[in-house]
Amino acid sequence: MDTKPKILIVDDKSENLVALRTVLKNLEIELIEATSGNEALKKTLHHDFALALLDIQMPEMDGYELASILREEEKTAHLPFIFISAVYTDNLNVFKGYEKGAFSFITKPFQPEMLINKVKFFIDKHQQEITLFELNKELKTMNKELEFSNKELEAFSYSVSHDLRAPLRAVNGYAQILSEDYSPKLDEEGKRIIEAMKYNSTKMGALIDDLLGFSQLGRKEVQKSDIDMNELTKAVLNDINKTMTHKAEIKIGSLHNLKADYRLFHHVIFNLVSNAVKYSSKKEYPLVEILSEDKNNEIVFSVKDNGAGFDMRFAHKLFGVFQRLHKTKDFEGTGVGLAIVQRIINKHGGKIWVEAEVEKGATFYFVLPKN
Amino acid sequence: MEKTEVEILLIEDNLSDAEMTIRALRKGNIANKILHLEDGFEAIEFLFGTENIPTPKVILLDLKMPRINGIEVLQKIKSDERTKNIPVVILTSSNENPDIKICYTLGVNAYVVKPVEVEKFNKAVHDLGLFWILTNQTSY
């Protein structure tokens with residue numbers, strides 16, 4: 001495949017064309033000649049040019065006119081020109097299209113080196129444009145593929161939620177029937193086993209729901225607004241009081257406002273605070289503190305508890321999906337909550353981290369840019 | 001049971017779900033005349049198969065079914081003058097359903113996601129039965 005860039009040279013005198021050809025003979029280019037404006041226009045129909053060298057003084061259609069027409073045509077609107085003129089001319093303004101694209105000007109007799117350098121410059125520029133165009137095309141293809149796999153993921157999530165939940169409900173339901181209708185025939189161990197079946201199928205239902213929540217998050221657009229975090233935190237505490245049996249003393253500082261997605265940050269604060277309450281529930285005086293701080297252009301939030309904490313050597317695992325640092329028999333959980341929280345913070349251009357010590361408690365920090 | 005005597009029409013391909021649903025209704029003393037059909041095709045046959053169009057107090061309809069799915073059944077019911085006033089409740093497994101909007105556009109009367117937990121499931125079905133059978137006034 002011949003991929004040499006093509007250059008259009010237009011001059012009414014064939015000896016000038018020969019001269020140009022001689023000067024440019026060492027460049028990796030293909031020269032296409034035309035001896036009039038009309039012929040040049042015809043050539044542009046059949047070739048894609050990287051550059052045009054135009055003589056200005058030509059009969060019928062001069063170089064400026066030709067250039068103006070080329071600028072009007074879609075195919076050549078961005079074709080760069082080098083005008084070549086025998087006389088110095090200051091009437092460049094007659095060429096009306098010059099603001100649309102690159103061009104240069106050379107007077108005859110010209111230095112061969114000068115012309116070669118100018119041509120090289122435009123050829124390089126042309127090559128860069130081609131590379132850029134191809135990269136762009138590749139990017140568009142990849143984008144399409146991404147869109148497609150996103151759609152597939154959506155269909156997959158739907159199947160997972162629908163098809164996995166149905167048999168679970170049946171397991172749960174039949175276990176219930178067993179305990180309702182046959183409990184006189186069952187001894188304590190039999191009843192315990194039924195409860196274990198129900199507990200596990202319920203837990204799997206929760207896992208599926210959490211996992212779906214996590215995958216849905218990836219597809220949702222973030223809708224930012226100014227959030228009064230004091231008000232949001234109050235609403236969260238209200239929800240926590242309703243859903244959690246554990247109680248803790250909760251101290252709230254004067255919190256800074258955030259520019260974020262309200263629904264998502266309700267989720268973040270709910271998750272962090274309910275975790276703090278959960279993991280401090282075995283302490284004599286469970287205490288949770290929620291604070292914020294203005295640091296330069298960022299707001300740092302922290303949720304601190306005096307609970308079970310954990311070994312910092314495992315801190316890197318904490319934000320992974322299905323990762324837990326505590327046994328279920330000690331603290332319930334699916335291991336998805338913090339993965340969701342991290343994803344939300346990341347989507348807002350922020351960062352989350354944690355400091356903890358075994359049996360002394362944990363402090364979760366997240367930082368968000370002010371705007 | 002005569003066709004016209006049916007008060008609750010349950011259209012559900014998952015036999016376990018159907019059993020749980022019927023059990024929950026009976027447990028809630030909603031022992032009305034329940035007919036269970038196993039897919040959309042049977043439902044269409046039952047509803048439109050003869051000149052005699054039944055008018056149950058409520059239709060409990062699953063979405064994902066073989067042959068003719070719930071959306072198609074809903075569309076047929078709500079676009080026919082003779083059946084469009086029958087309350088239709090979608091009972092589906094998924095809360096991730098892209099069809100919720102379509103169902104409401106088609107004129108569904110309620111859309112319920114079946115909970116995994118038995119207690120919640122029973123309560124949901126029981127409440128549905130109470131409302132649609134005992135509380136709600138039909139137009140016929």
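The shown structure was predicted, so the numbers you read here are calculated from the model rather than taken from an experiment. Letters A, B, ... are given to chains in the order of the sequence lines, protein chains preceding strands, and every chain is numbered from 1.
- Side-chain contact check for Asn172(A) versus Met20(B): every heavy-atom pair is 4.5 Å or farther apart.
- Contact between Glu119(B) and Lys198(A) at its shortest, heavy atoms only, is OE2-NZ, 4.1 Å.
- Contact count versus chain B (heavy atoms, under 4.5 Å) is highest, among Ser201(A), Gly205(A), Ala170(A), Gly173(A), for Gly173(A).
- Within 6.0 Å of NZ in Lys203(A) there are more than 12 heavy atoms belonging to other residues, nucleotides or ligands.
- Considering all non-hydrogen atoms of both residues, Ala166(A) and Asn14(B) come closest at CB-ND2, 3.8 Å.
- Contact residues of residues 175-192 of chain A toward chain B are Gln176(A), Ile177(A), Glu180(A), Asp181(A) (heavy-atom distance under 4.5 Å).
- Contact check for Lys120(B) versus Arg169(A): no side-chain heavy atoms found under the 4.5 Å cut-off.
- Within 6.0 Å of NZ on Lys282(A) lie more than 12 heavy atoms contributed by other residues, nucleotides or ligands.
- Environment of NZ in Lys247(A): crowded, with over 12 heavy atoms of neighbouring residues, nucleotides or ligands closer than 6.0 Å.
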